[in-house]
Amino acid sequence: AQKVTQAQTEISVVEKEDVTLDCVYETRDTTYYLFWYKQPPSGELVFLIRRNSFDEQNEISGRYSWNFQKSTSSFNFTITASQVVDSAVYFCALRGYQKVTFGTGTKLQVIP
Amino acid sequence: EPEVTQTPSHQVTQMGQEVILRCVPISNHLYFYWYRQILGQKVEFLVSFYNNEISEKSEIFDDQFSVERPDGSNFTLKIRSTKLEDSAMYFCASSTTSGSYNEQFFGPGTRLTVL
């Protein structure tokens with residue numbers, strides 16, 4: 001069985017602050033992919049990042065960075081210098097053989 | 001860039017009516033999926049479909065639901081007799097193959113409102 005846990009239900013930050021969204025996962029698969037999606041108020045799922053289980057190298061892309069630690073089954077996501085447009089619900093997800101399992105989401109509110 | 005499309009973007013129906021949600025997956029993809037997101041909740045897997053057969057389904061996908069690929073391009077989700085609790089956003093997705101290394105591409109969703 002797969003499980004994705006996002007313990008933070010809602011976070012508020014002031015614009016330009018950094019914010020980290022936590023994600024912890026469980027899977028029996030040895031090969032899997034982890035994702036972060038952004039869901040703005042309009043409802044669509046916007047793909048942000050994909051990481052495979054063999055690649056623990058952390059990455060920075062613009063204002064986004066990811067910290068994947070297999071030893072603790074965590075895949076955290078950081079937004080640097082947050083902006084109002086970052087306000088959305090962020091979902092961590094795990095891709096197994098057939099389906100994607102999503103976490104419950106973290107609602108991020110960036111206050112101007 | 002190829003993308004998954006879904007129609008309609010918003011569907012309103014009366015309880016007990018049948019609805020069909022339509023999806024056009026990316027053209028060279030072979031695996032198709034439906035997910036559901038009740039307002040304010042997480043996205044949940046409903047069903048996967050390959051070679052004109054359901055390959056996996058969740059406990060949510062009961063006899064009221066069915067999927068079909070009626071032609072070479074469309075992939076549909078039918079709800080036979082809608083209930084109030086079917087109100088949700090429905091996402092279609094597709095991938096080239098199964099396996100965790102293959103990304104699923106999601107459509108923009110259809111918001112279903114059952115009155």
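Side chains are part of it too, since the values below use all heavy atoms of this structure and drop only hydrogens, waters and symmetry mates. As the structure is a computational prediction, the values presented were derived from the model and not from experiment. A note on names: the letters A, B, ... follow the listed sequences, proteins ahead of strands, and every chain is numbered from 1.
Put simply, CG on N52(A) and OG1 on T31(A) are 8.0 Å apart, with the number rounded to the nearest 0.5 Å. Taking CZ of F45(B) as the reference point, atom OH of Y33(B) lies at 8.0 Å (rounded to 0.5 Å). Put simply, CG on D86(B) and CD1 on I79(B) are 4.5 Å apart, with the number rounded to the nearest 0.5 Å. The distance from atom NZ of K78(B) to atom CZ of R22(B), rounded to the nearest 0.5 Å, is 10.0 Å.
Interface residues of residues 49-69 of chain B toward chain A, defined by a heavy-atom distance below 4.5 Å and sorted by number: S55(B), E56(B). For residues 99-112 of chain A, heavy-atom neighbours of chain B at less than 4.5 Å comprise K99(A), V100(A), F102(A), G103(A), T104(A), sorted by residue number.
Using bins of under 30°, 30° to 60° and over 60° for the plane-to-plane angle, the ring pair F35(A)/F47(A) lands in the perpendicular bin. Note: F68(A) and Y25(A) have tilted aromatic rings, judged against thresholds of 30 and 60 degrees for the angle between ring planes. Ring geometry for H29(B) versus F105(B): interplanar angle of 30 to 60°, hence tilted.
Listed for the Q104(B) side chain is no donor-acceptor partner under 3.5 Å among the backbone atoms of Y31(B).
Residues K70(A) and S53(A) form a side-chain contact, since some pair of their non-hydrogen atoms from C-beta on lies under 4.5 Å apart.
Residue K83(B) places its NZ atom among more than 12 non-hydrogen atoms of other residues, nucleotides or ligands, all under 6.0 Å distant.
Only the side chain of Y35(B) comes within less than 4.5 Å of a heavy atom of chain A; its backbone N, CA, C and O stay farther away. Interface residue Q39(A): only side-chain heavy atoms are found under 4.5 Å from chain B. With a 4.5 angstrom heavy-atom cutoff, Q37(B) touches chain A only via side-chain atoms.
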| said: Walk me through whether T78(A) and T20(A) qualify under side-chain hydrogen bond (donor to acceptor under 3.5 Å, both in side chains). | reply: CA-CA 4 Å; T78(A) 297; T20(A) 295; 2.8 Å; yes

